[in-house]
Amino acid sequence: MASIVVQQDLFFEFYLGLSDQEFEKHQTLLNCKDKVFLIGCFRNDQKRQLDWIRNNAGTDGVGKYNVRLGKGRDGWINKENPRIANPNFAVLYEFGNEDIVYYYRIDGSSVYSEDDMRKAGYEDPKGEYLVYKLQYECEVEGIDIKKVLAQYRERTNWIDGKPIFLTGKEIISAMRPRKKVKKQEGKTASIFNEDNVTIQQVLSNLNNHVQYADNALTSIDLFSGCGGLTKGFSMVGIRSILGSDIDENAAKTFQRNFPDTPFLCKSVTDITKDEVDELLNGQVPDIIVGGPPCQGFSLANKRRNKVSDDPRNKLFYGFVKFINWYSPRAFVMENVKGLLSMKNGEVLETILDEFRHAGDFGGYDVAYRVLLASDYGVPQNRERVIIIGTRHDLGLQPRHPEPLELDHKITVDEAISDLPQIQACQGREVMEYPIEPQNDYQRLMRQNMQYVTNHIAMNHTKRLIARFEAIQQGQSLVDVWEEHGSVKRGAPGEKSEVKFGQNNQRLFGNQPAPTIAASFQSNFIHPHLNRNFTAREGARLQSFPDDFIFEGMRTKMSWEKGLSQYQQIGNAVPVLMAKAIGECVSQILNSDNNAKK
């Protein structure tokens, strides 16, 4: 600390006689720890970029520096992110010669169209640009741009030339010497895991024992999977008193993250009331939630036959069975959007009719609506039918959460850009975050976590990586079929005649993801890296916080039993959407006209 004080004293002594304007033009990095720096490059050998930057004053009397939005090298830029839209300083270095550096004070930014750029004198513009107003040239002492870029390359697999947005504090950290990591025999040391922290150490430091209010609402979570609905409900103070799912790996994940909640790992059709009562120990659930499959629902018997031959229908009736047992004050059922159109809506009406006659207090008042996950802060355009029922005798009308007032939908890049940018075949069980969180969503995901887990990239073949390299954002395998398409099994010289348009789809970084289904490990490609998503990236797109740990195998072969981490994540209800539903149900049950239980 003494050296910092000395440097600051020298700074103030040296500049004591400067005017305010002159003082603003001379800064030290120590005085700018909370300021945001745009670190960008210019290519002086191409289109005289430096001349365009420095001599483009125009009528507003300022220079300009631009990064491209949309597709292309700078396509991950999000103009809605305050850190990106309003940095304080620009540090501009010559690409290929990091000894040449210019510093500018920035005064906001604007979006320019191709025509705007052309009028401003920029040669051959392509698409939209985010243009920064360079207020004046200045000095910021203490930045070694070579060290900063070298560390950024090492820590994040950064692609040379991409703009970087760092605070002064992050730049200081990047310039510090990194600890040397000893290689363990038979293992390669990880640059992201300097202290060799083990997954067991991370797990032992997590506190999953949530403290609930004495009068907290309670729930039974059927078809719980790994616990997406449970996690969202717990975030608004609803305590799960029982979870249940037939899959052993989902059960392990649920129990890892909800250690205080009893769990039944068996089919809902085989569960008896006696074994549930024993686990509940006198507790009565306020809410029953779940997403029973309804794809095989039969309408052959109009008398609401509860002994349908299709086992998937028995699962739905198992859900109703629990409502009949405990007559909860409310229930929430989640399902696919296709439920609305099955048999021209007759399936939905039959299901609603079951609920209207369930329980011991005159049935349930029911309402359904299709909810869009991105309306609730989830970086994913996933649509789900949510049926909410309230016990008729309570006189409480069911309703659904209204969309949040968001200034924009959270994008894929906003969701995952702070995670280690590992390539195919890279990653370890525990890694460090390479940078500070870049936005509110990332801060929310990381608030209780110091390390990254469940972030190991798949082991792609060279042929598959070459295919990914050819696929651009918004494209899929069918767009590169002639050169990179799948071949026939047993005949590698012939192209397969079966094309799946959703296979190997590279997502747009500047948009929310499409539905992250159980098969997302092969459906989607990372927006900027030539690999599929990791489990942690998929969890981020489902709004699972980073302290939610997934158990079981990462991927699975067709003959293996149990759901993989990818399948558990894809099957789950997005956590932030579940939170919005839980909050809405809590408000209904705690409203002023609430009758006693």
Side-chain angles (χ1 to χ4, degrees), residues 199 202-203 206-210 219-236 238-268 288-293 315 319 332-336 373 378-380 382 384 415 429 445 448-449 452-456 513 515-521 533-556 560-579 581-582:
I199 187 65
V202 172
L203 295 176
L206 289 178
N207 181 14
N208 293 321
H209 300 281
V210 180
S219 68
I220 286 179
D221 303 351
L222 305 175
F223 310 97
S224 65
C226 64
L229 266 171
T230 310
K231 181 63 178 178
F233 275 38
S234 73
M235 293 167 74
V236 296
I238 299 174
R239 180 170 61 90
S240 176
I241 56 177
L242 178 70
S244 177
D245 197 276
I246 195 173
D247 183 78
E248 292 182 2
N249 287 338
K252 291 176 183 177
T253 298
F254 189 100
Q255 292 173 301
R256 162 67 64 191
N257 294 281
F258 308 101
D260 300 324
T261 302
F263 196 90
L264 279 173
C265 186
K266 62 192 302 185
S267 172
V268 69
I288 291 179
V289 303
L315 296 178
F319 183 79
V332 177
M333 176 179 146
E334 175 265 350
N335 222 280
V336 297
V378 181
Q380 181 188 167
R382 185 191 195 106
R384 282 296 182 269
E429 283 189 325
M445 294 296 102
N448 297 318
M449 199 63 171
V452 182
T453 65
N454 297 124
H455 189 56
I456 299 176
T515 299
I516 300 299
S519 57
F520 81 91
Q521 71 180 69
F533 286 90
T534 67
R536 179 54 58 194
E537 288 165 339
R540 281 280 188 94
L541 299 179
Q542 282 275 61
S543 63
F544 278 99
D546 291 357
D547 63 349
F548 198 100
I549 310 298
F550 296 90
E551 299 283 354
M553 72 280 278
R554 285 191 298 113
T555 60
K556 61 171 287 187
E560 291 182 294
K561 292 183 178 180
L563 296 176
S564 68
Q565 293 174 13
Y566 284 88
Q567 291 171 317
Q568 294 174 47
I569 292 166
N571 284 339
V573 177
V575 171
L576 291 183
M577 186 169 78
K579 177 186 175 185
I581 297 168

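Heavy atoms only: backbone and side chains are in, while hydrogens, waters and symmetry mates are out. Just so you know, these numbers come straight off a predicted model, no measurement behind them.
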L315 and S267 have their tightest heavy-atom pair at CD2-OG, 4.0 Å
N454 and side-chain hydrogen bond (donor to acceptor under 3.5 Å, both in side chains): which partner among E537, E429, R536, E551?
R536
Okay, side chain of S240, backbone of T230: is any donor-acceptor separation there less than 3.5 Å?
no
When every non-hydrogen atom of I456 is compared with those of R554, the smallest separation belongs to O-NH1, 3.4 Å
Atom OG of S219 and atom CZ of R239: how far apart are they, to the nearest 0.5 Å?
9.0 Å
Do the charged groups of R540 and D546 touch, with an N to O distance under 4.0 Å?
yes
If you look at every heavy atom in C226 and F544, which pair is closest and at what distance?
SG-CZ, 3.8 Å
Student check: side-chain heavy atoms of S564 and Q521 closer than 4.5 Å:
yes
Determine, stepwise, if the pair V210 / D260 fulfils side-chain contact (heavy atoms from CB on, under 4.5 Å).
CA-CA 8 Å; V210 180; D260 300 324; 6.0 Å; no
When rounded to the nearest 0.5 angstrom, what is the spacing between CG in D221 and OG in S244?
10.0 Å
Does D547 reach the main-chain N or O of N448 with its side chain, forming a donor-acceptor pair under 3.5 Å?
no
Quick one: does any side-chain atom of S543 pair with a main-chain N or O of L576 as donor and acceptor, under 3.5 Å?
yes
For the residue pair Y566 and T555, establish whether any side-chain heavy-atom pair is separated by less than 4.5 Å.
yes
Separation of K556 NZ from Q565 CD (nearest 0.5 Å):
13.0 Å
Which atom pair, heavy atoms only, marks the closest approach of V289 to F233?
CG1-CE2, 3.5 Å
Between P574 and A373, what is the shortest heavy-atom contact and its length?
CG-CB, 4.1 Å
Should T453 and F550 be marked as a side-chain contact (heavy atoms from CB on, under 4.5 Å) after you check the CA-CA gap, both sets of side-chain angles, and the distance that decides it?
CA-CA 9 Å; T453 65; F550 296 90; over 6 Å; no
When rounded to the nearest 0.5 angstrom, what distance separates CG in L242 from CD1 in I220?
5.0 Å
Assess the residue pair T515 and F520 against the criterion (side-chain contact (heavy atoms from CB on, under 4.5 Å)); give the C-alpha distance rounded to whole Å, side-chain angles, the decisive distance to 0.1 Å, and a yes or no.
CA-CA 9 Å; T515 299; F520 81 91; over 6 Å; no
Is a donor on one side and an acceptor on the other found under 3.5 Å between the side chain of Q568 and the backbone of L563?
yes
Are L206 and M449 packed together at the side-chain level, in the sense that at least one heavy-atom pair is separated by less than 4.5 angstrom?
yes
What distance do D247 atom CG and S224 atom OG have between them, rounded to the nearest 0.5 Å?
9.5 Å
For K561 and N249, which heavy atoms make the closest approach, and how far apart are they?
O-ND2, 4.2 Å
Could you go step by step and tell me if K231 and N257 meet the side-chain contact (heavy atoms from CB on, under 4.5 Å) rule?
CA-CA 9 Å; K231 181 63 178 178; N257 294 281; over 6 Å; no
For a 4.5 angstrom cut-off between non-hydrogen side-chain atoms, does F223 reach P293?
yes
Taking Q380 for its side chain and L541 for its backbone only, find out whether a donor-acceptor pair lies under 3.5 Å.
yes
Between E334 (side chain) and V573 (backbone), is there a donor-acceptor pair under 3.5 Å?
no
What is the ring orientation for F263 with F254, classed by angle as parallel under 30°, tilted 30 to 60°, or perpendicular over 60°?
tilted
